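Keep in mind that the numbers below use all heavy atoms, side chains included, and drop hydrogens, waters and symmetry copies. Quick note on labels: first sequence line is chain A, next is B, and so on, each numbered from 1. All of these numbers come straight from a predicted model, not from anything done at the bench.
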Protein chains: 2
Amino acid sequence: MSVPSGRSPVMADVARLAGVSHQTVSRVLNGHPNVKTETQARVQAAIEELGYRRNSSARALVTRRTGVIGVVAFDTTLYGPAQTLAGIEQAARAAGYFLSVVTLQRVTRQEVSEAMDYLAQQAVEGYVVIAPHRTVVEGLADAAADRPVVAVEGGEAPDLPVATVDQGGGAELAVRHLLDLGHRTVHHIAGPRHWLEAEYRVAGWRRALEAAGAPVPEPLFGDWRPRSGYDLGGALARDRSVTAMFVANDQMALGALRALAEAGVRVPEDVSVVGFDDIPEAEFFTPPLTTVAQDFSEVGRHGIRLLLERLRLADGASAAPARHVVPARLVVRTSTAAAPRA
Amino acid sequence: MSVPSGRSPVMADVARLAGVSHQTVSRVLNGHPNVKTETQARVQAAIEELGYRRNSSARALVTRRTGVIGVVAFDTTLYGPAQTLAGIEQAARAAGYFLSVVTLQRVTRQEVSEAMDYLAQQAVEGYVVIAPHRTVVEGLADAAADRPVVAVEGGEAPDLPVATVDQGGGAELAVRHLLDLGHRTVHHIAGPRHWLEAEYRVAGWRRALEAAGAPVPEPLFGDWRPRSGYDLGGALARDRSVTAMFVANDQMALGALRALAEAGVRVPEDVSVVGFDDIPEAEFFTPPLTTVAQDFSEVGRHGIRLLLERLRLADGASAAPARHVVPARLVVRTSTAAAPRA
DNA sequence: GGCTACATTGTTAGCGCTCACATTCACGAC
DNA sequence: GTCGTGAATGTGAGCGCTAACAATGTAGCC
C-alpha cells in the first residue's frame with residue numbers, strides 16, 4: 001500500500017514506511033554520520049522491503065556528478081588496447097565509477113573530437129583516452145575539454161597526465177639481449193608511423209644500437225598485422241647478413257617467423273627474433289617467441305588513478321601534468337640464440 | 001552577459017538570447033515539428049553561441065529514459081568476446097545509445113547478479129549479456145531483471161532473446177571437411193565444460209561423425225588457452241591412430257600444433273588440424289590453420305537489434321523470445337590434407 | 001463577419017533528489 | 001534555572017528539463 005502500484009518506489013515512499021522524513025532516508029543512503037543507529041536500521045529495512053533504488057538521474061541533477069568516466073579507445077581488436085581497456089574497467093569499477101566507452105573506427109582528429117563530444121552528451125566527469133597515435137593526442141587538443149583528461153599510452157603528450165609503458169626501455173631490453181648474444185646489429189620491423197608506441201620502440205632500438213656502437217640499419221614499417229610482418233620479414237629473410245630482428249609486436253613477429261620458415265631460414269639458428277607485447281599465443285609460436293611483456297592492466301589502473309586525482313582537485317586548480325611509467329620486462333624463450341659464426 | 005560566468009549555460013539562457021521561451025528551445029532540441037524555421041535558426045544560433053549542451057540528467061529524470069544499455073561481458077581477453085563487444089558498441093552508438101560495460105572476473109551466478117545490480121544503479125534501460133557460459137544464463141534468472149535482457153552467445157537460453165553464431169553447424173563443417181578428406185574419424189579437443197560454445201561444438205562434432213557412421217572418440221577438454229591445447233595435443237600426438245583433430249578454438253589449436261611439431265608429427269601430412277574462430281594470427285600459424293570463422297560483430301549487432309526491439313515494445317507486452325543465428329564459415333588453409341595411407 | 005482548425009508559442013507543474021537551513025531535544029556548565 | 005552545544009531530524013527550495021495544457025495568431029471557409 002505504501003507504494004502506488006505501477007511505479008517504482010521513491011524516497012518519499014521509503015520515508016513514509018520508515019516513519020521518517022525523506023531527508024533522513026537520503027542521509028542513510030549517503031552514509032551521513034548523524035543518524036541514530038536504530039533509525040538507520042528502520043530505514044534500511046524499509047528500503048529492502050520496497051526494493052527501493054535511488055534514482056541516479058535525480059541525484060546527478062542536483063550533485064552535478066554523474067559518476068561516469070568516458071573512455072575513448074581505438075581498435076580493441078589488438079591485444080594491447082583490449083587489455084588496457086580491461087584494466088581501466090577494473091579500476092573504475094573498484095572506485096565506484098561507471099564507464100562509457102566509445103571505440104574509434106578511424107584515427108582522425110575529427111573522430112576523436114566527435115567521440116569526446118558524444119561522451120560529453122552523457123555528462124561524463126572526465127576522460128581516459130587510449131591514445132596510441134599521434135593524431136589522437138592532437139585531437140585531444142581540439143576537443144578543448146572542460147573536464148579532466150588522462151592519456152593512456154599517450155607518449156609524452158604535453159600538458160596531459162599520462163600513464164604508459166616504458167616502450168623505449170622495452171625496446172632497449174630487446175636489442176641489448178640480442179647484442180649480448182653476439183649479433184653485430186639488430187634489424188627492426190617497426191609499427192606504423194605516427195603510432196607513438198611504434199615511434200618509441202624505434203627510438204629505443206636506435207638508442208641501444210648506438211650505445212653499443214652497432215650499425216643502425218633502416219627500419220621497416222609494418223601495420224601491426226601479421227600480414228605485414230610476413231611481407232617485411234620475407235624481405236629481411238632474403239638478406240643473408242641479417243642475423244637478428246626486433247619486431248615491434250608479436251603479431252608481426254608471427255608473420256615474420258612464418259616468412260623465415262618459408263624461406264628456409266632457421267630460427268634461432270640462423271636468425272634470432274624478438275617480439276613485443278607477450279600475447280598469450282607467443283609462448284606457442286614456432287619457435288616460442290622471446291618478447292617484451294607489458295603490464296597493460298597496470299597501465300589502465302594508473303590511468304584511472306591519475307584521472308581520479310584530477311577529479312578530486314575539482315575545477316579550479318589543475319594539477320601539474322603527471323606521468324606514470326610502467327617498466328617493460330623481457331621474456332626470453334627460444335626464438336633467440338647466439339649469433340651464427342660469420 | 002546572457003550567461004552568468006562560472007556556470008555552464010542552461011536552456012533558459014539560450015531562450016533569453018534567442019528571445020523565445022525555454023520550451024521552444026526544448027522543441028528545437030527534440031526536433032518537434034511545429035517550430036517556425038526562422039525561430040529554429042535563431043535558437044540554433046543561440047545554442048552555438050553559448051556552447052549550450054543539454055543536461056542529460058535533467059532530461060533523464062523527467063523522461064525516465066537514460067539512453068544507456070548495460071553490457072555484462074566476460075573475459076574480454078579472449079578474441080571472441082572482445083570482438084563481440086566491439087560489435088555491440090558499434091551498433092549501440094549507431095542507434096544513439098550509450099554503453100556501460102561491466103566485465104566479470106569470475107563466472108558465478110553471484111557475480112552476474114552483482115554486475116546487473118551495479119548496472120541497475122545507473123538506470124540502464126536494458127541489458128546485453130555476453131553469456132558464453134551456462135552459469136551466466138542461470139545467473140540471469142536470479143537477477144530477475146525488470147528490464148529487457150538479451151543474451152549474446154547464450155545458446156538456447158529459455159525465455160530469452162538470443163543472438164548467437166551457429167556453433168554446432170560450424171563444428172559440423174569442420175568435421176565434414178576432414179571426413180571428406182578421407183579421415184576415418186576426427187578427434188576433438190573441446191573447450192571447457194559448461195561453456196555453451198564448447199558444448200555446442202562438441203554436439204556438432206558428434207552429430208557429424210554419427211551422420212557419417214564414423215566412430216566417436218572421447219573428446220578431451222581444454223580451457224581455451226594455448227597451454228591446454230599443447231598438453232592435450234601432446235597426448236593425441238602419441239596416439240599414432242589419430243589422423244585428424246578438430247580443436248575448439250584457434251588458441252588451443254596453436255598449442256596443439258606446437259605439441260605435434262615437438263613430437264615430430266607433421267601437419268598436415270600425418271595429422272590434419274582444424275581450429276575455430278579464425279583469429280587474425282591463424283593465417284600465419286605453422287602451418288596456416290584451417291578454421292571456422294565466426295562473424296562476431298554481426299552477432300553483436302543483432303544482440304543490440306533484439307534489445308532495441310524489446311525496448312520499443314516498452315513495458316507491457318514482452319515479445320516472444322526471438323533467436324538470431326549467424327552461420328559459421330569454413331576457411332580452408334594448409335593444416336588439413338588427405339588422410340595418410342594406413 | 002464569424003467560426004473552426006491548425007500552427008506556433010508560452011506557462012505551469014512536477015520528475016526525485018540533495019543542500020541549506022530550521023527545529024527539536026538532551027545534556028552539561030555555570 | 002538558564003544558556004550553550006551538538007546530535008538528530010524535518011522543511012523548503014531548487015537542480016534543468018519535458019509534458020500537458022493554455023494562449024495566441026493565422027488562415028480557410030461558409
Reading 5' to 3' through nucleotides 14-28 of chain D, protein heavy-atom contacts under 4.0 Å coded B for base, S for sugar-phosphate only, - for none: -BBSBBB--------

Rounding to an integer number of Å, can you tell me how far [X] [atom1] sits from [N] [atom2]?
X	N	atom1	atom2	answer
Asn34(A)	dC25(C)	CG	C1'	14 Å
Asp13(A)	dC15(C)	CG	C1'	14 Å
Arg42(A)	dA8(D)	CZ	P	14 Å

Set of side chain to side chain donor-acceptor pair (under 3.5 Å) partners for Tyr97(A), sequence neighbours left out: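 Tyr97(A) satisfies side chain to side chain donor-acceptor pair (under 3.5 Å) with Arg65(A) only.
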
Rounded to 10 degrees, the angle between the two terminal axes of the helix from dG1(C)-dC30(D) to dC30(C)-dG1(D), each from five pairs: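 So the angle between the two local helix axes works out to 50°.
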
Has the side chain of [X] got a donor or acceptor atom that lies under 3.5 Å from a matching backbone atom of [Y]?
X	Y	result
Glu125(A)	Ile69(A)	no
Arg42(A)	Ala18(A)	yes
Arg27(A)	Asn34(A)	no

Salt bridge (charged side-chain N to carboxylate O under 4.0 Å, His left out) involving Arg305(B) - partner list, sequence neighbours excluded: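 Arg305(B) satisfies salt bridge (charged side-chain N to carboxylate O under 4.0 Å, His left out) with Glu309(B) only.
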
Contacts of Arg323(A) that satisfy salt bridge (charged side-chain N to carboxylate O under 4.0 Å, His left out) - sequence neighbours left out: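 In terms of salt bridge (charged side-chain N to carboxylate O under 4.0 Å, His left out), with neighbours along the sequence ignored, Arg323(A) is linked to no residue.
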
Any side-chain heavy-atom pair of Met116(A) and Val149(A) under 4.5 Å: yes

Ring pair (Phe, Tyr, Trp, His ring centres under 6.0 Å): pairs with one or both residues in residues 19-62 of chain B, sequence neighbours excluded: none

